[in-house]
Amino acid sequence: MILILCGGALSGCAADYLNHYDTVTLAAGDTQKYNSMLQTVDPLNPASKNTHIEGDGTRAALIAHNYKFPPPPPPPPAITVNVGGSGVTTTQ
């Protein structure tokens, strides 16, 4: 029983040891990206502020229905195979 308790206590220490990093944060080293984003006037896309979504529920429901139950594929084109003579007749 004591062996199990010691093993459990040591496994917690091992997990804590594996979480140590050489940097302060996981995002360390991204200074160029940070500086470019810091100097950007408005980093968001202007279209992201548009909250009016074009479309209606009927069209969305039809698209969802076609996604769940796709229409059957069109039938393959008919192929005609002529077996026999070439249709050329010769007269003498």
Side-chain angles (χ1 to χ4, degrees):
M1 181 69 175
I2 294 174
L3 186 62
I4 293 173
L5 290 175
C6 290
L10 290 177
S11 67
C13 294
D16 187 43
Y17 176 75
L18 293 175
N19 288 331
H20 290 296
Y21 298 101
D22 292 338
T23 60
V24 177
T25 65
L26 294 177
D30 293 337
T31 55
Q32 291 177 343
K33 183 189 272 186
Y34 176 77
N35 288 337
S36 67
M37 292 299 291
L38 184 66
Q39 295 175 8
T40 304
V41 176
D42 189 9
L44 296 176
N45 185 357
S48 65
K49 295 178 183 177
N50 183 12
T51 57
H52 179 68
I53 299 173
E54 302 293 328
D56 58 355
T58 307
R59 183 171 176 238
L62 180 64
I63 291 171
H65 182 268
N66 287 340
Y67 181 74
K68 283 184 179 180
F69 308 106
I79 299 174
T80 304
V81 178
N82 293 328
V83 179
S86 64
V88 177
T89 57
T90 58
T91 56
Q92 294 183 356

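All values reported here derive from a predicted model rather than from experimental measurement.
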Exercise for the section: Quick one: which residue pairs count as a salt bridge (charged side-chain N to carboxylate O under 4.0 Å, His left out) with a foot in residues 69-82, not counting sequence neighbours? Expected result: none
Quick one: side chains of residues 50-79, donor-acceptor pairs under 3.5 Å with protein atoms, not counting sequence neighbours, listed by atom name and distance.
residue, atom, partner, partner atom, Å
N50, OD1, H52, N, 3.0
D56, OD1, R59, N, 3.3

Exercise for the section: Sequence neighbours left out, what passes salt bridge (Lys or Arg N to Asp or Glu O under 4.0 Å) with K49? Give chain and number order. Expected result: D42
